[in-house]
Amino acid sequence: MYRKTTYLRFIFNALAWAGLLLPLLAPVTGEEALNGAIAGEAGWRQLVIAENGWTEAVVVVSPEAGAKVTTGEGNQARTTVLRKWERQAADDLVHYIELMSGARPAVADTPEKIAAALAGKAPVLLVGEAALETKPGLRRELERAAKQDYVLRPDAIVVRREGNRVYLAGMDPREEHPGRRVLKGEGHYFAVAHLLRLWGCRWYLPTEFGEVVPEHKRLAVGKLNHVYAPPFEVRAAAYGYSWLGDMTGTHEFSYRNMMNGVHVSCGHTLGGYVKELAPEGGSIFNVPISEEATIEHVALKAEKDFADGKDISLGMNDGAYHSDSKLDAELAGNLRDKYFQGQALADNFMTLYNGVCRNLLKKHPESSSIIGFFAYVNMTIPPQRLVVAEKPLVALVAPIDIDPNHGMDDPRSPPRQEYREIMHRWAKVMEGRAIVYDYDQGMLVWRDLPNPSHQSFRHDVKHYRDAGILGFNTESRGAYATVFLNLYLRGQLMWNPDADVDALLDEFYPKFYGPAAEPMRRYWSTLYKAWEDTIVTEHEFYTIPAIYTESLVDALRGHLANGIKAVAPLRKRAADKLSRNERLYLERMEFTQNSFGVIDHYTSMVQAAATRGDYAAAVQAGERALAARQALIDLGTKRSEAKRGSIGMLVSAGMGENGAAWFPGEVQQYRDLLALTDGTKGKLIERLPLEWAFRRDPNDTGLAQGFGYRAADLAYWNANKNRFATPTARKDYPINEWEMLRSDLYAQAQGVLHPDWQSFTGFMWYKTSVELNAAQTGGKVHLHFPGLFSEAWLYVNGNLIAHRPQNHMWWYNDYRFDWDVDVSGHLKPGKNDITLRVHNTHHNGGLFRRPFLYAPAGQ
């Protein structure tokens, strides 16, 4: 530790001056380098920061950094920490040097201590403003490197070694702007984080659980001169409304991975500005968007904030806008948005936003206000007329419900290719003042299975850079059993779009898992490949069996078993005989075991329910899956500062969890289905076949051709089915021929696509038959569809007996997605024909759980 005793210090210094010890500026042999870490190029004269538990190094930081200022009195008193992250950068530098080397540098944070440190010969690490004041030329280098026409903040770092000094500084905004989350000190923290990364530190997940701090006998700095500016001003991943769940450690995690806290004010707030204009009997969604009266009304309400330089949110509310205005109708042009399935109103809203800005700028041309708005739902499709956004405007482009799995250049994803053009157009309209509201892990919401997203982001980030996108506000959540490395890799790519993701993953496994590195590399690589190879462009829990197949789960089980075997020797050792990193290896393997437990039991639950219709087995597997999730909760709680339910940082629990949309709600749904079949509320009569005849009907000719009452002709299928055995091949199946399709997975995941890879939309027909005896058809009989998307019509023995309406947007419906039909009197002893016609208007449709017949109890 620093200055262990006065006597030892005296001896050390005496020997050093006598030339009997290696000086702190010293050559290093190749053998010695194996036991140490060198930041920068290894050269003859390295600056040794710490060696064998000893250091003379001093960390210098400005006295003003971290100072607390209190304003107001009593209940109105508010304490502000000035340049918080600049001071945090210095403190963390000291902390991690000590963790790596066992030696703790001194801190010089008063004028006297700073002067003494700069006058001495010991290594000095100058952080933030202390570095810039000592060497003013660095500020000019940062300004040259930083983005010249920045909108929210400049950003650049310098990490330089000169003699016994290491300068660590970043570009900061000219002034604090807390309302915009543009804070002084962030840039300085990035410089320190860069140096720590050069020494091998990594922060894969928040808290100590996810950090990797190597142990070095020797820490040194070689030839080092790094000046860099990232292309994106906004690199936010864990702030405000964009973060769902536990917040423990997320701010530190973000800064250590070069993500910042910058975002513009943008929420669903437009309704508050126009509520007085709602027509009688209508709502805020019926206000004429583009009329001059609306523009003047909004401008008047926003004027004070604009005059005061405050940022303003005019983001649309969630919902479909429609008014009786002729101008609105003219601007909308009856254009339809296929993603939101409503009017495309970008031209209308841009008329409103530009008009408000012009009114405000006439009165307050020097205002520094930024006006934020969302470009999604009714504004997903960008303006079609010639329009350029006024300077105060910043758009958050939110590709909600557009394939989160594939990159923009992937031929398997036309929606993602379309989004590429949407994004470029918005960037042009906004003249670069567009932020991507990035939906991380938009797939398996609330199910706590791993949902990697780097396979798409690693490619798309280059498109964002080329388009001049301002940056990213990533919606994610404190559920690292799902998110895992997503945010870590996003952080590296947002900082440097050319970062080598494969290299980052290669170094991850030994750093994170230690002796289990190789089997865990195979574990995660197998999982990642399944996501890279999927044809699934939809999202949420019903896609899980399409990706987490039985063969994938079995492969993961084998790799995990080998990983557990690799750390077995560590488990046998007493806890006090393990190093810090060895204890973390075991904790991370425990996390992975429980994570796999959720995968294993959840997929078993779905297979039991959807494929076999065995609800007793489904409930048992679901309860095991929830128990594995509880183990993750308990593990995460150890490192959580959250008080609401002590959910920890690993799962999505504690965020409401009411209803079938949530993991426990799905298990409850299977309990309810069990009650319909085990005699409690009903008794199972017969499960319908797993495979049904299926026919695509894009031109809606099935009604005229009598699909509801004519037999399915499977001659073509029987002769050619081997050619269409994979989902990739099935997309090219002729639309005028019947085929066979499973009822336990929605149609598009089985390859029911258009030849250009677009998800099939339109009418679809399912047809099967079931043999019943007289006892089974007597009395009350219900046909239950436990998993069915889309509007549907049911035919029994050639006759239409029921219609089920649905909202076109699938998430606007009950998340049980079931349909219970009384078919009493429509069935007969012998063979019964069951035909289902569905109308799929979005991108997923049809059956995804096997239907069954049951007799209600008490009938």
Side-chain angles (χ1 to χ4, degrees), residues 444 447-449 541-554 556-557 596-629 660-692 740-747 749-750 766 768-773 775-776 780-789 815-821 823 827 832 834 836 846-857:
L444 312 183
R447 288 308 187 271
D448 299 306
L449 277 71
F541 67 94
Y542 52 83
T543 65
I544 290 175
I547 300 173
Y548 282 95
T549 61
E550 190 174 359
S551 60
L552 172 62
V553 176
D554 285 343
L556 297 179
R557 182 181 291 106
F596 176 75
V598 176
I599 296 171
D600 189 15
H601 299 310
Y602 183 90
T603 53
S604 294
M605 174 187 73
V606 172
Q607 187 178 54
T611 305
R612 303 197 307 272
D614 184 346
Y615 298 114
V619 171
Q620 292 171 3
E623 289 172 347
R624 291 194 299 271
L626 289 174
R629 188 180 77 149
W662 300 84
F663 191 167
E666 185 179 358
V667 179
Q668 181 59 47
Q669 183 173 358
Y670 298 140
R671 292 191 188 99
D672 296 341
L673 290 169
L674 176 60
L676 293 180
T677 57
D678 69 356
T680 303
K681 294 185 176 181
K683 186 175 181 179
L684 178 69
I685 294 175
E686 192 70 61
R687 296 180 182 91
L688 270 60
L690 178 62
E691 287 193 289
W692 295 41
M740 294 297 291
L741 201 71
R742 286 160 44 200
S743 61
D744 62 345
L745 185 64
Y746 66 99
Q750 298 183 63
Y766 287 83
T768 192
S769 62
V770 58
E771 289 277 349
L772 300 172
N773 57 41
Q776 291 174 312
K780 283 284 187 180
V781 180
H782 282 224
L783 174 51
H784 195 84
F785 296 91
L788 171 62
F789 292 118
Y815 259 70
R816 294 175 67 90
F817 299 112
D818 61 354
W819 188 28
D820 192 272
V821 185
V823 294
L827 299 170
N832 290 267
I834 308 294
L836 185 71
L847 296 168
F848 67 96
R849 295 184 185 118
R850 185 177 179 177
F852 61 90
L853 292 164
Y854 76 97

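Residue numbers count from 1 along this sequence.
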Does the side chain of Ile834 reach to within under 4.5 Å of the side chain of Val823, using non-hydrogen atoms? no
Distance from Arg612 atom CZ to Arg850 atom CZ, nearest 0.5 Å? 10.0 Å
Which of Arg629, Arg447, Arg624 passes side chain to side chain contact (heavy atoms under 4.5 Å, CB included) with Val598? It is Arg629
So which heavy atom on Thr549 is nearest to which on Ala546, and how close? CG2-O, 3.9 Å
Walk me through it: do Leu853 and Leu772 pass the test side-chain contact (heavy atoms from CB on, under 4.5 Å)? CA-CA 10 Å; Leu853 292 164; Leu772 300 172; 4.0 Å; yes
Can you tell me how far CG of Asp600 sits from CG of Asp554, rounded to the nearest 0.5 angstrom? 8.5 Å
Using atom types as modelled and distance alone, determine if a side-chain donor or acceptor of Ser769 lies under 3.5 Å from a backbone N or O of Asn832. no
Could you report the tightest heavy-atom contact between Leu847 and Tyr766, atom names first, then the distance? N-OH, 3.2 Å
Step-by-step side-chain contact (heavy atoms from CB on, under 4.5 Å) determination, Thr603 to Leu552: CA-CA 11 Å; Thr603 53; Leu552 172 62; over 6 Å; no
Step-by-step ring pair (Phe, Tyr, Trp, His ring centres under 6.0 Å) determination, Phe541 to Tyr602: CA-CA 11 Å; Phe541 67 94; Tyr602 183 90; 7.9 Å; no
Spell out, as yes or no, whether a donor-acceptor pair under 3.5 Å connects the side chain of Thr611 to the backbone of Ala608. no
With rounding to the nearest 0.5 Å, note down the distance linking OH in Tyr542 to CG in Leu745. 11.0 Å
With a cut-off of 6.0 Å (strictly less than), are more than 12 heavy atoms of other residues, nucleotides or ligands near CD of Glu550? no
I need the Lys683 NZ to Leu676 CG distance, nearest 0.5 Å. 14.5 Å
With no hydrogens and no angle check, is any side-chain donor or acceptor of Arg671 less than 3.5 Å from a backbone partner on Val619? no
So, the side chain of Gln776 versus the backbone of Asn773: is there a donor-acceptor pair under 3.5 Å, distance only? yes
Check: Arg816 main-chain N/O paired with Gln669 side-chain donor or acceptor under 3.5 Å: yes
Separation between CG of Leu449 and CD1 of Ile599, rounded to the nearest 0.5 Å: 5.0 Å
Show, in sequence, the C-alpha distance, side-chain angles and deciding distance for Leu788 and Leu836, and conclude whether the side-chain contact (heavy atoms from CB on, under 4.5 Å) test is met. CA-CA 10 Å; Leu788 171 62; Leu836 185 71; 3.8 Å; yes
Kindly compute the distance separating NE2 (His784) from CG (Leu688), expressed to the nearest 0.5 Å. 12.5 Å
According to the interplanar angle, ranging from 0 to 90°, do the rings of Phe848 and Phe789 count as parallel (below 30°), tilted (30 to 60°) or perpendicular (above 60°)? parallel
Would the distance check show the side chain of Glu686 and the main-chain N or O of Val770 forming a donor-acceptor pair, the cut-off being under 3.5 Å? no
Could you walk me through whether Tyr615 and Phe852 pass ring pair (Phe, Tyr, Trp, His ring centres under 6.0 Å), step by step? CA-CA 12 Å; Tyr615 298 114; Phe852 61 90; 5.7 Å; yes
Which residues satisfy the side chain to side chain contact (heavy atoms under 4.5 Å, CB included) test with Ala610, sequence neighbours excluded? Val606, Asp744, Arg849
Heavy-atom closest pair, residues Leu783 and Pro851: CD1-CB, 4.4 Å
